[in-house]
There are 2 protein chains.
Amino acid sequence: MVSTFAPQAAGDLNFLKKLNRSSILGTVRRYPGATRADIAARTQLTKATVGGVVQALLERGWLREGELQPRGGGRPGRALYLDDAHHVLLGADIGVRGLRVVACTLGGEVLLQRYVTEAPTTPEETAKRLAAMLRAMRDDPVIADRHCLGLGVTVPGPVAPEQPILRLAPNLGWVDVAFLEVLRPYLPEFDGAWLLDNEANAAAFGEFYFHDGIPPESIVYISAGSGIGSGMVTGDNFPLVPRGGQGLVGEIGHTIVQPGGLYCHCGNRGCAETLVSGWAIRASLGIADTENLEAAIAARGDDADVNAVLRRAGEALGILILNLHHTLNPAMLVLGGSLMHLGERLIEPALDYFETHQNDLLRGTQRVPIKVIHDSTFTAARGAAAQVMAKAALEA
Amino acid sequence: MVSTFAPQAAGDLNFLKKLNRSSILGTVRRYPGATRADIAARTQLTKATVGGVVQALLERGWLREGELQPRGGGRPGRALYLDDAHHVLLGADIGVRGLRVVACTLGGEVLLQRYVTEAPTTPEETAKRLAAMLRAMRDDPVIADRHCLGLGVTVPGPVAPEQPILRLAPNLGWVDVAFLEVLRPYLPEFDGAWLLDNEANAAAFGEFYFHDGIPPESIVYISAGSGIGSGMVTGDNFPLVPRGGQGLVGEIGHTIVQPGGLYCHCGNRGCAETLVSGWAIRASLGIADTENLEAAIAARGDDADVNAVLRRAGEALGILILNLHHTLNPAMLVLGGSLMHLGERLIEPALDYFETHQNDLLRGTQRVPIKVIHDSTFTAARGAAAQVMAKAALEA
DNA sequence: TCCACTTAGTTAAATCTATTAACTAAAGCA
DNA sequence: TGCTTTAGTTAATAGATTTAACTAAGTGGA
């Protein structure tokens with residue numbers, strides 16, 4: 001399935017109202033400072049409709065008015081912005097090596113963030129721990145008097161397309177966990193939207209939804225950590241997140257880039273993960289699971305072996321990027337995940353490979369921009385918060 | 001961009017009406033024989049609304065009534081079907097080795113098809129030739145008195161996401177051709193929707209839209225011919241076709257599956273096309289471009305060299321399928337293109353590879369079904385016709 | 001045979017949303 | 001000061017869906 005963050009396909013007048021409201025809100029998100037007249041021009045709605053909806057959104061704390069926007073020789077319009085003062089979005093990220101939670105505004109500004117480096121054990125224990133973190137954050141005076149629109153949770157594995165169930169998280173040893181249901185009893189007072197998604201999908205969503213300025217047509221986020229995954233988002237007013245028939249969209253770590261290559265834990269040979277991933281680099285350099293990868297590599301300094309391993313991994317990452325380019329062709333690529341901490345020895349070969357191999361099909365086309373997030377600790381959690389916003393905007 | 005075959009994101013009452021009409025039409029397409037009550041239940045619209053819209057669609061020749069559907073202990077409902085008698089959809093496919101046109105019904109039944117094996121030269125000449133074929137078909141008594149909803153044209157190369165412009169067709173030597181504009185002067189009397197799309201996208205669309213029974217959640221069509229391309233469709237009421245920022249979605253022939261492998265005409269090394277494609281097989285077996293590939297291979301009989309080449313190509317195709325599975329994760333895969341004429345020596349290794357390597361991530365999940373279209377001569381043209389239907393349904 | 005019950009589908013009034021058209025507001029400029 | 005332009009609001013209008021009551025057409029039991 002694609003989760004579209006769009007209403008269903010048919011409906012009544014109330015549905016139309018929601019659609020238009022969400023569309024107006026989306027216009028302000030993508031064009032901060034737009035006036036009512038700007039919105040009317042973009043959405044094809046009339047000034048009267050826009051005026052009425054904006055009025056309601058101002059009263060409900062979704063929008064705020066800003067300065068006057070001078071217009072050539074006419075009455076200036078009033079700039080509109082997302083209201084960053086009255087609501088809060090919560091996001092949580094269950095990572096292989098820790099739990100992260102964030103609270104952010106409608107515009108994506110992070111108000112609070114917390115991080116514990118504690119590997120999750122069972123779903124039940126993790127839910128307990130996460131609930132404590134979330135409740136503590138919820139009670140923080142910075143956000144305590146804001147209205148909470150909901151909570152998004154991300155997990156390191158594929159989520160079923162139709163229901164919020166984590167299908168498999170090999171690094172956690174979790175299978176078919178309806179995590180929101182496990183978590184809910186610990187946070188009975190948290191209402192609003194509750195969402196569960198894969199970490200890379202959520203990260204991609206956040207980069208897209210909270211993009212500074214007009215978001216690109218589509219974004220693919222590559223999450224390079226213990227394993228390799230990717231998420232994709234496209235669509236304008238209503239972002240689409242393809243999940244696939246089984247939720248396996250973006251499991252690019254198990255695409256084959258070296259037939260007959262090394263064995264992967266998935267059972268195949270030559271998966272991308274055998275070349276670039278936390279575990280592959282550990283295996284190549286003999287770094288134990290218990291050690292911190294970044295620290296262990298830093299400790300070895302400018303070692304030739306290390307350099308070679310990182311360069312080869314980087315090149316494999318470059319191949320992955322190129323293959324994504326020729327399969328999904330996003331308008332923008334974002335690189336994140338814990339491997340980015342390993343620095344330029346890994347990143348540069350990847351970007352180089354893509355740069356030198358990219359543009360052969362459509363000469364003269366604009367190159368695809370790549371954004372590297374060197375520290376993506378809270379990227380997924382913030383993306384989950386973005387999803388809450390998208391969902392809430394439809395229900396507002 | 002994704003072309004959604006859905007209306008824009010905001011609108012007035014008229015827009016709502018179109019949305020609901022299209023939704024009702026889509027319900028009948030996916031559930032032939034549905035009654036008004038069934039439609040109301042599925043779309044969440046009221047019986048009154050459905051009744052009114054259905055009445056209008058009956059009068060306009062989009063729907064027809066069928067037999068009574070007995071209901072347990074109540075008044076039986078009247079089955080509804082797409083009306084196959086009053087409209088016609090035209091599709092045309094510009095292939096590297098010929099032109100094909102089809103005329104089909106709203107339900108996807110092919111009424112007429114024509115094929116000339118004549119390699120296209122210039123866009124202008126091709127347009128002239130195609131126009132003659134289309135006009136001749138349009139005048140055929142079988143469809144002459146039907147209302148034509150439009151014309152869809154497919155081309156063997158990426159189409160720009162925002163405008164109907166063929167970006168590049170290496171095998172035709174065409175660059176940046178607004179083919180519909182070239183064609184239009186030759187067919188001034190053809191009105192309705194005019195669409196241009198990539199051949200694989202259109203084929204995927206047709207397989208999805210005209211699927212017998214409820215379509216799968218998403219379909220990826222792999223077009224294996226002179227080159228290798230793929231197209232994807234997903235979405236329920238309003239099918240989505242991702243095109244990407246540059247229209248390069250599905251250019252899987254240039255994904256790298258053998259780093260450092262053979263040189264590809266695109267400039268890179270180890271592209272999938274160097275292993276499986278018409279030209280790669282020709283190169284391996286020394287078959288000239290002027291010869292018919294299928295005939296040349298058939299002529300060599302059960303030759304060990306041929307078998308080995310086809311097996312290797314098939315395995316490469318299997319890798320591609322597996323990689324698509326882990327990148328796009330469609331609910332169904334469809335294999336087509338002229339290479340399918342080469343038979344089981346190629347197809348079996350591909351399916352075998354996928355079968356034996358598929359299911360490692362989510363054990364116990366249903367396997368992804370693969371449909372092989374052994375003769376896909378008119379698949380793309382019919383898909384283009386399907387796109388016309390989807391477009392027209394929104395404007396009806 | 002009759003009658004209660006169920007489900008399908010239609011109709012007319014009511015509700016609600018966006019539009020239209022006329023208005024006020026607020027700026028620049030001659 | 002007055003003209004022009006653009007922004008935004010307001011009241012009346014048009015139009016789509018819903019609601020609620022209705023008719024239609026079956027089954028099954030007494």
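Quick note on labels: first sequence line is chain A, next is B, and so on, each numbered from 1. Computed from heavy atoms alone, side chains included, the values below leave out hydrogens, waters and symmetry copies. Predicted model, so just to flag it, every value in this text is computed and none were measured.
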Enquirer: Anything under 30° is parallel, anything over 60° is perpendicular, the rest tilted; go ahead and classify B:His87 against B:His147.
Expert: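 Geometry flag for B:His147 against B:His87: perpendicular rings.
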Enquirer: What is the distance, to the nearest angstrom, from the CZ atom on A:Arg21 to the P atom on C:dA18?
Expert: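 Atom CZ in A:Arg21 sits about 9 Å away from atom P in C:dA18.
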Enquirer: Take atom NZ of B:Lys18 and atom C1' of D:dG15, then tell me their distance rounded to the nearest Å.
Expert: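 Atom-to-atom, B:Lys18 to D:dG15, this comes out as 15 Å.
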Enquirer: What is the separation between atom CZ on A:Arg78 and atom C1' on D:dT6, rounded to the nearest whole Å?
Expert: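 To the nearest whole Å, that distance equals 15 Å.
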Enquirer: Test A:Arg138 against every option in A:Leu112, A:Leu187, A:Ile143 by the side chain to side chain contact (heavy atoms under 4.5 Å, CB included) rule and name the one that passes.
Expert: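 Answer to the side chain to side chain contact (heavy atoms under 4.5 Å, CB included) test with A:Arg138 among A:Leu112, A:Leu187, A:Ile143: A:Ile143.
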Enquirer: Taking A:Gln69 for the side chain and A:Arg78 for the main chain, is one N or O donor matched with an acceptor at less than 3.5 Å?
Expert: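 No.
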Enquirer: What are the two closest non-hydrogen atoms of A:Thr154 and A:Ala202, and how far apart are they?
Expert: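 For A:Thr154 versus A:Ala202, the nearest heavy atoms are CG2-CB, 3.4 Å.
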Enquirer: How close or far is atom C1' of D:dT19 from atom CG of A:Asp12, stated in whole angstroms?
Expert: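 To the nearest whole Å, that distance equals 12 Å.
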Enquirer: Are OP1 or OP2 of D:dT17 and a side-chain N or O of B:Asn20 less than 4.0 angstrom apart?
Expert: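 For B:Asn20, the contact criterion (side-chain N or O under 4.0 Å from OP1 or OP2 of D:dT17) is met.
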Enquirer: Considering only heavy atoms, which members of residues 39-65 of chain B lie under 4.0 Å from some atom of DNA chain C?
Expert: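 Output list: B:Lys47, B:Ala48, B:Gly51.
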Enquirer: Report all interatomic pairs (protein N or O, nucleotide N or O of nucleotides 26-30 of chain D) with separations under 3.5 Å.
Expert:
residue, atom, partner, partner atom, Å
D:dG26, N2, B:Gly73, O, 2.8

Enquirer: Between A:Ser23 and A:Asn20, does any side-chain donor sit less than 3.5 Å from a side-chain acceptor?
Expert: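 The criterion, which ignores hydrogens and geometry beyond distance, is not satisfied for A:Asn20 and A:Ser23.
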Enquirer: Identify the pairs formed between an N or O of the protein and an N or O of nucleotides 12-14 of chain D at a distance under 3.5 Å, and give each distance.
Expert:
none

Enquirer: Relative to the ring of B:Phe205, is the ring of B:Tyr209 parallel (under 30°), tilted (30 to 60°) or perpendicular (over 60°)?
Expert: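 Plane angle under 30°, so parallel.
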Enquirer: Quick one: do B:Arg60 and B:Asp83 make a salt bridge, cutoff under 4.0 Å?
Expert: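 Salt bridge absent between B:Arg60 and B:Asp83.
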Enquirer: I'd like to know if A:Arg36 and A:Glu65 make a salt bridge, using a cut-off of under 4.0 Å between side-chain N and carboxylate O.
Expert: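 Salt bridge: yes.
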Enquirer: Under a 3.5 Å threshold, yes or no: a donor from one side chain and an acceptor from the other, between B:Arg71 and B:Thr35?
Expert: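 Their side chains do contain a donor-acceptor pair, which is all the 3.5 Å distance test asks for.
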Enquirer: Which one, D:dG8, D:dT17, C:dG9, comes nearest to the side chain of A:Arg36?
Expert: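 Out of D:dG8, D:dT17, C:dG9, the nucleotide with an atom closest to A:Arg36's side chain is D:dG8.
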Enquirer: Under 4.0 Å between a Lys/Arg side-chain N and an Asp/Glu carboxylate O for A:Arg64 and A:Asp84?
Expert: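 Looking at A:Asp84 together with A:Arg64, the answer is no, because their closest N to O distance does not fall below 4.0 Å.
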Enquirer: Does B:Glu207 come within less than 4.0 Å of B:Lys371, counting only side-chain N to carboxylate O?
Expert: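 Counted as a salt bridge, because a side-chain N and a carboxylate O are separated by less than 4.0 Å.
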